[in-house]
Number of protein chains: 2
Amino acid sequence: MHQKLREHIEKIILLTDDEFSLVLSHFNSRSFKKKEFLIDKGDTNIDCYYIVSGLLKLIYEDENGNEHIVSFAMEDWWESDFIAFFTQTNATMSLQCIEDTDVFCISIENYQKLCAVLQKMEHFLLKKSNSGHIASQRRILSFLTSSAKDRYDLLLKQHPSLFQRVNKTMLASYLGVSRETLSRLSS
Amino acid sequence: MHQKLREHIEKIILLTDDEFSLVLSHFNSRSFKKKEFLIDKGDTNIDCYYIVSGLLKLIYEDENGNEHIVSFAMEDWWESDFIAFFTQTNATMSLQCIEDTDVFCISIENYQKLCAVLQKMEHFLLKKSNSGHIASQRRILSFLTSSAKDRYDLLLKQHPSLFQRVNKTMLASYLGVSRETLSRLSS
DNA sequence: TAACATTTGTGATGTTTGTCACACGTTAGA
DNA sequence: TCTAACGTGTGACAAACATCACAAATGTTA
């Protein structure tokens, strides 16, 4: 597991063994079973997660109890309720396992400490944050410019593996349409 | 103009006079008239802009020639086609003045240099990037969970000043509904 | 100020999507 | 292996929204 994290980071910055040990000391390694919650809405002291293996969904429950999938997160991705993580407030979203999942997690305190003690990591995290920002912009664009059918086709093209790992109800929730509409789109 | 940028940065990190001069040397100051383009789709070498005064729209034109407003940007905000800026590719979006606008702009080369020569600025930019990420997440949530009417009400609550400065056609484009639907929502 | 372009509201109509109901096959656990 | 929960497709209908057309109000420029 350590090796995967190291390779992931070293795609952007190079680390000595000592530096990587220092990095690692700021993380905890944890495992979760399918349907378990890494974050439950209302939780405080939200961590940020690097996903070694498995699949997660970040969900928002509206006032009618309907679940909306803000994003899926799979191997090699970083995920959190970033609003709660960065602003150090209660989680408004939940992060739940779709499959058994192994992660490294880091608290906001350790995130800040790590940036302070190892400048390279601040650089790494800036790159990651910028990538996250870009991914969000793309998703906004898809809502602005595309019909449900087009969003479906785009997702199928960009993340075909999701269609094997995630049921139709969740895909519909991610695309922002009802289960029934999605069913009619794909037939 | 310099003072505004300095105050903006010093909300997060403190700078000596020399440090601020160093920061400033990485930026250019520019002014644009209403309807002028800071970024035109297809442009290369996209800059990132800090807005001193004025109002901009970031737009995406779809294959049918329809304009979609990805975001508005006003005083004290940072804006760019971040996809093009960070990935150093051609702009797919345009950034256009709604009002006369003064900005500081920075190239990706200077952005990277500045991070390298002044660690504090890397910290500042990480904070800004995280804020941008959060703002995008909120916008995605509004598309997932809210009807056009609810998105309209939310915008009115969060940014009432926009309703004075921007016409209804643009508001509709930002909210992702037709001009006619918006008109019926607000009456 | 006259001529023209832009902005806005509103009716009529069609399309897209949501909601409710139900049937049927699959999966998971006792 | 039996049973209950879950996942999926589909019909009928309602609601939300887009599109087209047009008129009135407002803004802009020669």
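Lettering of chains follows the sequences in order, A, B, ..., and the numbering in each one begins at 1.
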Check your understanding: Hey, is the side chain of A/Arg151 pairing donor to acceptor with the base of C/dT16 inside 3.5 Å?
Key -> no
Exercise for review: May I ask you to say what A/Thr169 touches in the nucleic acid, namely base, sugar-phosphate or nothing, with a heavy-atom cut-off under 4.0 Å?
Suggested key: sugar-phosphate
Point to revise | First encountered from the 5' end of DNA chain C, between A/Lys149 and A/Glu180 | key: A/Lys149
Check your understanding: Rounded to the nearest Å, what distance is computed from the CG atom of residue A/Asn64 to the P atom of nucleotide C/dG18?
Key -> 14 Å
Exercise for review: Give a yes or no on whether a donor-acceptor pair under 3.5 Å exists between the nucleobase atoms of C/dG18, that is its base, and the side chain of A/Arg179.
Suggested key: no
**Study point:** Salt-bridge criterion met for B/Asp76 and B/Lys11 (N-O under 4.0 Å)
**Key:** yes
Check your understanding: Of all the choices, D/dC20, C/dG18, C/dA21, which nucleotide is nearest to the side chain of A/Val177 once you look at every atom?
Key -> C/dG18
Check your understanding: Separation of B/Leu175 atom CG from D/dC17 atom C1', in whole Å?
Key -> 14 Å
Exercise for review: Check the angle between the aromatic planes of A/Phe32 and A/Tyr49 and answer parallel, tilted or perpendicular using the 30° and 60° thresholds.
Suggested key: perpendicular
Exercise for review: Give a yes or no on whether A/Arg30 atom CZ has more than 12 heavy-atom contacts from other residues, nucleotides or ligands under 6.0 Å away.
Suggested key: no
Exercise for review: Measure from CG on A/Leu185 to P on C/dT16 and round the result to the nearest Å.
Suggested key: 10 Å
Point to revise | Residue among B/Phe85, B/Phe104, B/Phe86 satisfying side chain to side chain contact (heavy atoms under 4.5 Å, CB included) with B/Cys48 | key: B/Phe85
**Study point:** Protein-nucleotide distance (A/Asn167, atom CG; D/dG7, atom C1'), rounded to Å
**Key:** 7 Å
Point to revise | Rounded interatomic separation in angstrom, taking NZ from B/Lys33 and P from D/dT28 | key: 15 Å
Exercise for review: Find the distance A/Glu99:CD to C/dT27:P and express it as a whole number of Å.
Suggested key: 16 Å
Exercise for review: Select from B/Lys35 and A/Gly176 the residue whose nearest nucleotide in DNA chain C is closer to the 5' end of that strand.
Suggested key: B/Lys35
**Study point:** Interatomic distance where CG belongs to B/Leu144 and P belongs to C/dG18 [whole Å]
**Key:** 12 Å
Check your understanding: Reckon A/Thr181 has a side-chain N or O less than 4.0 Å from the OP1 or OP2 of C/dG18?
Key -> yes
Practice item. Could you check how far CG of B/Asp150 sits from P of D/dA16, rounded to whole Å? Key: 11 Å
Check your understanding: If you check every side-chain atom of A/Ser147, which of D/dT19, D/dG11, C/dT17 has the closest atom?
Key -> C/dT17
Review point. Are the aromatic rings of B/Phe124 and B/His8 close, with centres under 6.0 Å apart?
Key: yes
